[in-house]
Engineer: 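After the structure tokens below, expect a handful of questions from me.
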Amino acid sequence: MKAAMQNLLSLPLFKGLASDELDTILGKVNALVKHFEKSDYIYLAGDAVESIGIVVAGTVQMIKEDIMGEKSIITTMGSGSIFAENFLGNDKQEEKTNVSYFAASDSEVLMVPFGKVLSDLSNNDPCRNKLLTNMIAIMASNNAQLIEKTEILCKKTLRGKIMTYLEQEAKRNGSTEFEIPFNRTDMANYLDADRSALTRELARMKECGLIDFEKRNFKILKFE
């Protein structure tokens, strides 16, 4: 844990904390950095949530699966992102998640029993106030991402979903040229679309001069 302390201090949740403060907090609650291979599940829907996860390295996806095993990607999270914060457990009561968290690549995840962290700190502890402030900011950011996903799903046509998603990525990257985090299968799962239909529609959009792309690299040529 000490070897990775500097990296942990750069994570949004621990903004404003000194190295010794973070070391004390994480040691007290037995926080652990765990390695997950690509395609490992970190939490399965129905699992009790004891800890929030903080992506130290790699990529984690929040997914929803139906009874047929069809996967829909709700959101994708990279380094510094927090997940399972909506199911904050503590040492006395564990809540269960209704979504799954999935390692989309080999990932290092810091598992922190956040409820226990807060219960172990007094209300006037400055570390507690910093953690709560940071957590509120992170939850607001995560909610904004879910609103973006809702905006996509509200579109009635596949082209509308694609353009809305690409416009969001362009805004996020500050450029009409950008790389998306998805391969075609994952892009289809994120847009809640059939992969073959997505491939055909992308080709049509390229032919009519709306977009250009090569694998994960996209360029918006015309805004509808």
Side-chain angles (χ1 to χ4, degrees), residues 1-15 19 22-23 25-27 29-66 69-89 94 96-114 117 134-135 138-139 141-142 145-146 148-149 165 168-169 172-173 178-192 195 198-199 213-218:
M1 181 68 72
K2 290 184 182 296
M5 188 60 64
Q6 204 58 42
N7 289 334
L8 296 180
L9 285 169
S10 68
L11 298 177
L13 180 61
F14 304 128
K15 180 181 178 182
S19 177
L22 179 57
D23 192 34
I25 291 169
L26 297 184
V29 299
N30 297 318
L32 295 172
V33 174
K34 293 186 177 182
H35 176 77
F36 294 92
E37 300 287 336
K38 181 180 180 180
S39 299
D40 282 350
Y41 282 89
I42 301 166
Y43 283 123
L44 269 171
D47 282 350
V49 176
E50 298 177 336
S51 304
I52 61 170
I54 305 172
V55 185
V56 178
T59 305
V60 172
Q61 293 177 344
M62 180 197 299
I63 65 173
K64 188 77 173 178
E65 294 175 292
D66 63 23
E70 292 293 324
K71 180 175 75 171
S72 177
I73 298 172
I74 300 172
T75 189
T76 295
M77 297 159 283
S79 179
S81 299
I82 284 181
F83 60 90
E85 76 280 1
N86 291 324
F87 309 100
L88 288 175
E94 299 168 359
K96 294 183 178 181
T97 173
N98 57 6
V99 295
S100 297
Y101 296 93
F102 174 85
S105 66
D106 290 352
S107 301
E108 302 287 335
V109 178
L110 176 64
M111 307 300 291
V112 181
F114 196 73
V117 171
N134 293 340
M135 177 60 81
I138 290 165
M139 293 180 75
S141 176
N142 288 352
Q145 291 181 33
L146 294 178
E148 287 185 349
K149 178 64 182 287
Y165 169 63
Q168 289 174 356
E169 287 297 314
R172 199 175 346 267
N173 286 275
F178 48 88
E179 181 179 355
I180 67 171
F182 299 128
N183 59 30
R184 289 293 178 271
T185 299
D186 283 349
M187 185 178 182
N189 288 336
Y190 184 72
L191 298 178
D192 199 20
R195 188 186 187 283
L198 172 65
T199 300
F213 60 88
E214 179 65 32
K215 295 184 178 179
R216 298 189 183 204
N217 297 304
F218 281 79

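Fair warning: this is a prediction, and the values are worked out from it, not measured in the lab.
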Engineer: Provide the closest heavy-atom pair for Asp186 versus Lys71 in the form atom of the first, atom of the second, distance.
Structural biologist: OD1-NZ, 4.0 Å

Engineer: Once ring-ring contact (aromatic ring centres under 6.0 Å, His included) is applied, do any residues pair with Tyr43, and if so which ones, sequence neighbours excluded?
Structural biologist: none

Engineer: Any donor and acceptor pair, going by atom type alone, linking the side chain of Asp23 with main-chain N or O of Ser19 inside 3.5 Å?
Structural biologist: no

Engineer: If you compare all heavy atoms of Phe218 against all heavy atoms of Arg216, which two are closest, and at what distance to 0.1 Å?
Structural biologist: CD1-O, 3.5 Å

Engineer: Quick one: do Arg195 and Leu198 satisfy side chain to side chain contact (heavy atoms under 4.5 Å, CB included)? Show the steps, please.
Structural biologist: CA-CA 5 Å; Arg195 188 186 187 283; Leu198 172 65; 5.6 Å; no

Engineer: Identify the heavy atoms of Gly80 and Pro12 that sit nearest to each other, and give their distance.
Structural biologist: O-CD, 3.5 Å

Engineer: Taking only residues two or more places apart in sequence or in another chain, which ones pass salt bridge (charged side-chain N to carboxylate O under 4.0 Å, His left out) with Arg184?
Structural biologist: none

Engineer: Sequence neighbours left out, what passes side-chain contact (heavy atoms from CB on, under 4.5 Å) with Lys64? Give chain and number order.
Structural biologist: Ile74, Asn98, Val99

Engineer: Sequence neighbours left out, what passes ring-ring contact (aromatic ring centres under 6.0 Å, His included) with Tyr190? Give chain and number order.
Structural biologist: Tyr165, Phe182

Engineer: If every non-hydrogen atom of Val56 is compared with every non-hydrogen atom of Ser79, which pair is closest and at what distance?
Structural biologist: O-OG, 3.0 Å

Engineer: Roughly how far, to the nearest 0.5 Å, is the CE atom of Met62 from the OG atom of Ser72?
Structural biologist: 11.5 Å

Engineer: Run the side chain to side chain donor-acceptor pair (under 3.5 Å) test against Glu179 and tell me which residues pass, sequence neighbours left out.
Structural biologist: none

Engineer: State which residue, out of Leu110, Ile138, Val112, fulfils the side-chain contact (heavy atoms from CB on, under 4.5 Å) condition with Leu13.
Structural biologist: Ile138

Engineer: Could you state the interatomic distance from CG (Asp40) to CD1 (Ile42), rounded to the nearest 0.5 Å?
Structural biologist: 8.0 Å

Engineer: According to side chain to side chain donor-acceptor pair (under 3.5 Å), who are the partners of Thr97, at least two apart in sequence or on a separate chain?
Structural biologist: none

Engineer: Is the closest side-chain heavy-atom distance between Ser107 and Met77 below 4.5 Å?
Structural biologist: no

Engineer: Quick check for you: to the nearest 0.5 Å, what is the distance between Phe102 atom CZ and Ile73 atom CD1?
Structural biologist: 8.5 Å

Engineer: Any idea which heavy atoms bring Ile52 and Glu85 closest together, and the distance?
Structural biologist: CG2-CA, 3.9 Å

Engineer: Does the side chain to side chain contact (heavy atoms under 4.5 Å, CB included) test come out yes or no for Glu148 and Arg172, once each step is laid out?
Structural biologist: CA-CA 11 Å; Glu148 287 185 349; Arg172 199 175 346 267; 3.1 Å; yes

Engineer: Which value, rounded to the nearest 0.5 Å, describes the distance between Asn86 atom CG and Leu146 atom CG?
Structural biologist: 7.5 Å

Engineer: How many angstroms lie between atom CD of Gln168 and atom CZ of Phe178, to the nearest 0.5 angstrom?
Structural biologist: 10.5 Å

Engineer: Find the distance between CD (Glu37) and CG (Asp106) and round it off to the nearest 0.5 Å.
Structural biologist: 5.0 Å

Engineer: Between Ser81 and Val60, is a side chain to side chain contact (heavy atoms under 4.5 Å, CB included) present by the stated rule, with each step listed?
Structural biologist: CA-CA 9 Å; Ser81 299; Val60 172; over 6 Å; no

Engineer: If you compare all heavy atoms of Leu8 against all heavy atoms of Phe14, which two are closest, and at what distance to 0.1 Å?
Structural biologist: O-CD1, 3.2 Å

Engineer: Phe114 vs Ser51, test: side chain to side chain contact (heavy atoms under 4.5 Å, CB included). Steps then yes/no.
Structural biologist: CA-CA 6 Å; Phe114 196 73; Ser51 304; over 6 Å; no

